[in-house]
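I have placed the structure first, in the form of structure tokens, so that the comments after it can refer back to it.
Excluded from the calculations below are hydrogen atoms, water molecules and symmetry mates; all remaining heavy atoms, backbone and side chain alike, are included.
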Amino acid sequence: MTESLDSERMACWRAYIESSQRLFTQLEEDLRAASALSFADYHVLVLLSEAPGQRLRMGELAGRLVFSPSRLTYQIASMQKRGLVARQSCPQDRRGSEAVLTAAGLLALREAAPHHLRSVHAHLMDDLDDAEVACLTRVFERLGRRLRADRDAASTPADK
């Protein structure tokens with residue numbers, strides 16, 4: 001029983017990885033064609049647009065993006081050259097710095113978002129077969145249950 005459950009779980013994760021890699025490649029190509037932004041550019045702009053004051057400390061940004069510090073430094077420098085973000089010293093910590101969304105970055109995000117959303121919808125609807133959809137649904141349901149359980153376990157009695 002446990003072996004079949006483990007093999008099913010492994011098959012789901014394998015399908016998830018293969019599907020997500022294919023989808024990511026297609027989304028990256030569509031985003032670049034529509035807006036000249038990479039997926040990483042887009043993700044940085046989204047995170048900055050949602051942050052208070054449209055700025056985030058570099059460490060916090062790296063954590064949300066799962067980038068190495070050197071990769072994030074390169075990414076921000078590239079975006080800074082194109083005027084999408086600015087890099088400023090952090091008022092709370094003079095040793096650190098923050099990435100700040102510029103007006104040009106916000107405009108690029110607003111122009112790219114509808115293309116990206118259409119691309120996501122089209123690829124999810126057109127490129128996944130029924131087995132992949134079922135597999136991904138199971139993976140995300142399990143992940144959701146795990147995250148809810150972790151959140152509930154981490155909450156203190158005072159929070160409830």
- Message: Which residues pass the side chain to side chain contact (heavy atoms under 4.5 Å, CB included) test with R87, not counting sequence neighbours?
- Response: M58, T73, I76, Q80, S97
- Message: If the threshold is 4.0 Å, N to carboxylate O, is there a salt bridge linking R32 and E28?
- Response: yes
- Query: With a 4.5 Å limit on heavy-atom distance, are the side chains of V100 and V85 in contact?
  - Reply: no
- Message: Hydrophobic clustering (ILVMFWY, side-chain heavy atoms < 4.5 Å, transitive) - are I17 and L23 grouped together?
- Response: yes
- Query: Taking only residues two or more places apart in sequence or in another chain, which ones pass side chain to side chain contact (heavy atoms under 4.5 Å, CB included) with L65?
  - Reply: H43, V44, L47, L61, F67, L72
- Message: Could you work out, with side chain to side chain contact (heavy atoms under 4.5 Å, CB included) as the rule, every residue matching S70, not counting sequence neighbours?
- Response: S68
- Point-to-point distance, once rounded to the nearest 0.5 Å, from CZ of R71 to CD of Q75: 4.5 Å
- Query: When you measure from the side chain of T25 to the backbone N and O of Q21, does any donor-acceptor pair fall under 3.5 Å?
  - Reply: yes
- Distance-only donor-acceptor check, side chains R22 and Q26, under 3.5 Å: no
- Query: What's the spacing between S49 OG and L109 CG if we round to 0.5 Å?
  - Reply: 5.0 Å
- With sequence neighbours excluded, residues passing ring pair (Phe, Tyr, Trp, His ring centres under 6.0 Å) with F24: F39
- Query: Quick one: CD on E98 to CZ on R55, what's the gap to the nearest 0.5 Å?
  - Reply: 4.5 Å
- Sequence-distant partners of R64, side chain to side chain donor-acceptor pair (under 3.5 Å), two or more places apart: E60
- Do other residues, nucleotides or ligands put more than 12 heavy atoms under 6.0 Å from the CZ atom of R110? no
- What is the distance from atom OG of S35 to atom CD of E111, rounded to the nearest 0.5 Å? 8.5 Å
- Message: Please determine whether a side-chain nitrogen of the Lys or Arg among D41 and R82 lies less than 4.0 Å from a carboxylate oxygen of the Asp or Glu.
- Response: yes
- Side chain proximity check, Q54 to L106, heavy atoms < 4.5 angstrom: yes
- What residues, two or more places apart in sequence or in another chain, satisfy side chain to side chain contact (heavy atoms under 4.5 Å, CB included) together with A51? L56
- Query: side-chain contact (heavy atoms from CB on, under 4.5 Å) between E29 and S119: does it pass, once the steps are laid out?
  - Reply: CA-CA 10 Å; E29 290 170 1; S119 177; over 6 Å; no
- Query: Do you know the tightest heavy-atom contact between G105 and L45?
  - Reply: O-CD1, 3.8 Å
- Task: Might you point out which heavy atoms bring Y42 and A113 nearest each other, and give the distance in Å?
- Result: OH-CA, 3.5 Å
- Query: Is there a side-chain contact between L84 and L37 (heavy atoms, below 4.5 Å)?
  - Reply: yes
